[in-house]
*Asks:* 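The structure under discussion is supplied below as C-alpha cells; questions concerning it will follow.
In what follows, residues are counted from 1 in the order of the sequence shown. Quick caveat, the model's predicted, so the values are computed rather than measured.
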Amino acid sequence: MLLSDWNTPDRECFHVLLAHAKSREEVEYILSDMKTADAKRTPKTWDILMETCLRCGIQGKNRWGMPVPSRETIEWILTILGENAEGLDSVACNRLLKACLHCGNVGAAMRLFNLMRYSLSIVPTPQGYGILFRLAAEKGRDIALAHYLWQDVLDVYDGSPPWWAYTSMLEPMAKFRGAEGIYYMRDLMLKLAGSATRHWAYSPNVYHALIRSSCTAKQSTSAWDYYEEMKKHLPHFYLRSNLVRIW
C-alpha cells in the first residue's frame with residue numbers, strides 16, 4: 001500500500017456510509033466523494049444504493065402494506081444510473097423495478113428496461129420480466145406494451161420462451177383480450193407440450209396462472225374448467241385455497 005492510499009477511503013468505507021445515509025443530500029455527497037476517490041461501483045454498491053435511496057424517498061404504503069417511494073425518488077435513481085451505471089446488475093434492477101410496481105410508475109420501469117437492454121446489455125431476471133408484465137397489465141393502455149416485452153423474451157431465448165414467460169403474458173392478455181387472449185396463450189402452451197402430459201404446461205404454477213387470469217377476465221366458467229382439468233392431470237395437487245383467495 002502506498003503512503004498516499006492512507007488518505008483515501010476504500011470502497012467498503014463508502015458502502016458503510018451509503019448504508020447509513022439518511023437523506024438525498026448525504027447520498028449525493030458520498031457519491032461525489034466516491035467519484036473523486038475513483039472508487040469503482042460494484043453490484044454491492046448498487047444494492048446498497050438502491051435500498052438507501054428508496055428508503056429516503058418513502059411517501060407511504062400501498063393497499064398491500066408495501067412501502068411506496070415517491071415518483072421523484074424513482075426519477076432521482078434513474079438520473080444516477082444515467083450518469084454512471086458501472087457495476088449495475090439485474091438483481092439491483094429488480095429492486096428498482098419492484099419500486100416502480102409499488103408506485104405504479106410504468107414509464108420509469110420501461111426507461112430502466114430500455115437502459116438495461118439497449119445500453120448496458122443486461123437481461124432481466126425472470127422476476128424482473130414478471131414485474132414488467134404485471135405493470136403492463138395493471139398500467140398499460142393496451143396490449144402493445146406486453147407484446148413489446150414478449151418480443152424481447154423471444155429474442156433473448158431464441159424463439160423458445162421458458163414457462164414463466166407464458167404465465168407472465170397471461171395477465172395482460174386476460175385484461176386486454178379477455179377469454180380469447182387466455183385461450184390463445186393456452187393453445188401455445190399445449191402445442192409445445194404435444195402429447196407429453198408431464199410437460200410444464202400441466203404444472204401447478206401454470207394452472208394457478210390460468211385460474212387467476214380467468215378471474216381477471218371475469219370468466220368464472222373458464223376458471224372452474226381449468227380447475228377441473230388440473231385435478232385430472234394433478235390428482236394429488238389441489239389449489240382450492242388459492243382459487244378461493246383469488247376469486
*Asks:* Checking W200 side chain against V206 main chain: does a donor-acceptor pair fall under 3.5 Å?
*Replies:* no
*Asks:* If you round to the nearest 0.5 Å, how far is CG of D33 from CG of L17?
*Replies:* 9.0 Å
*Asks:* May I have the step-by-step check of side-chain hydrogen bond (donor to acceptor under 3.5 Å, both in side chains) for T167 and N205, ending in yes or no?
*Replies:* CA-CA 8 Å; T167 56; N205 285 335; over 6 Å; no
*Asks:* Output yes when a side-chain donor or acceptor of E86 lies under 3.5 Å from a complementary backbone atom of R41, and no otherwise.
*Replies:* yes
*Asks:* With a 6.0 Å cut-off (strictly less than), is the heavy-atom count around CD of E180, excluding the residue itself, greater than 12?
*Replies:* no
*Asks:* Using side-chain heavy atoms (C-beta onward) and a distance below 4.5 Å, is D47 in contact with K44?
*Replies:* no
*Asks:* Which heavy atom of W46 sits nearest to which heavy atom of N84, and what is that distance?
*Replies:* CZ2-O, 3.0 Å
*Asks:* In the structure I gave you, are the side-chain heavy atoms of V123 and S90 within less than 4.5 Å of one another anywhere?
*Replies:* no
*Asks:* Quick check: closest heavy atoms across S213 and A174, and the distance to 0.1 Å?
*Replies:* O-CB, 3.3 Å
*Asks:* Do I30 and E25 make a side-chain contact, defined as non-hydrogen atoms from C-beta onward lying under 4.5 Å apart?
*Replies:* no
*Asks:* Is the shortest side-chain heavy-atom distance between L49 and I77 below 4.5 Å?
*Replies:* no
*Asks:* Counting C-beta onward and ignoring hydrogens, is there a side-chain heavy-atom pair between S222 and I182 closer than 4.5 Å?
*Replies:* no
*Asks:* For Y184, I'd like to know if atom OH has over 12 heavy atoms of other residues, nucleotides or ligands within 6.0 Å.
*Replies:* no
*Asks:* Can you give me the closest heavy-atom contact between C100 and A108, atom names plus distance?
*Replies:* SG-CB, 4.0 Å
*Asks:* Checking side-chain polar atoms at under 3.5 Å, does H233 have a donor or acceptor matched by the opposite partner on T197?
*Replies:* no
*Asks:* Specify the closest pair of heavy atoms between A21 and T52, including all atoms of both residues, with the distance to one decimal.
*Replies:* O-CG2, 3.7 Å
*Asks:* Kindly say whether G104 contributes a backbone atom to a donor-acceptor pair with the side chain of K139 at under 3.5 angstrom?
*Replies:* no
*Asks:* Are the ring centres of W163 and Y166 closer than 6.0 Å?
*Replies:* no
*Asks:* Where do E28 and R24 land on the salt bridge (Lys or Arg N to Asp or Glu O under 4.0 Å) test, with the steps shown first?
*Replies:* CA-CA 6 Å; E28 291 179 343; R24 176 171 179 168; 3.3 Å; yes
*Asks:* Please step through salt bridge (Lys or Arg N to Asp or Glu O under 4.0 Å) for the pair K232 and E229, ending with a clear verdict.
*Replies:* CA-CA 5 Å; K232 174 184 175 182; E229 181 185 320; over 6 Å; no
*Asks:* Return the orientation label for the Y207 and Y202 ring planes: parallel under 30°, perpendicular over 60°, tilted otherwise.
*Replies:* tilted
*Asks:* Any Lys/Arg nitrogen of R134 or E138 sitting under 4.0 Å from an Asp/Glu carboxylate oxygen of the other?
*Replies:* yes
*Asks:* May I ask you to test the I122-L115 pair for a side-chain heavy-atom distance under 4.5 Å?
*Replies:* no
*Asks:* Whether the side chain of T216 engages the backbone of R212 through a donor-acceptor N/O pair (distance < 3.5 Å, no angle test) should be reported.
*Replies:* yes
*Asks:* I'd like to know if K35 pairs up with E83 as an ion pair, taking the criterion as any Lys NZ or Arg NE/NH1/NH2 lying under 4.0 Å from an Asp or Glu carboxylate oxygen.
*Replies:* no
*Asks:* Which word best sums up how the rings of F133 and Y129 line up, parallel for under 30°, tilted for 30 to 60°, or perpendicular for over 60°?
*Replies:* tilted
*Asks:* Test your reading of the model: is there a side-chain donor-acceptor pair from D187 to the backbone of Y183, 3.5 Å cut-off?
*Replies:* no
*Asks:* Over all heavy atoms of both residues, which pair between C53 and V27 is shortest? Give the atoms and the distance, please.
*Replies:* SG-CG1, 4.1 Å
*Asks:* What is the minimum heavy-atom distance between R55 and H20, and which atoms define it?
*Replies:* NH2-C, 4.4 Å
*Asks:* Within a strict 4.5 Å, meaning less than it, do heavy atoms of the P161 and M169 side chains meet?
*Replies:* no
*Asks:* Are P69 and I74 close enough that some pair of their side-chain heavy atoms sits under 4.5 Å apart?
*Replies:* yes
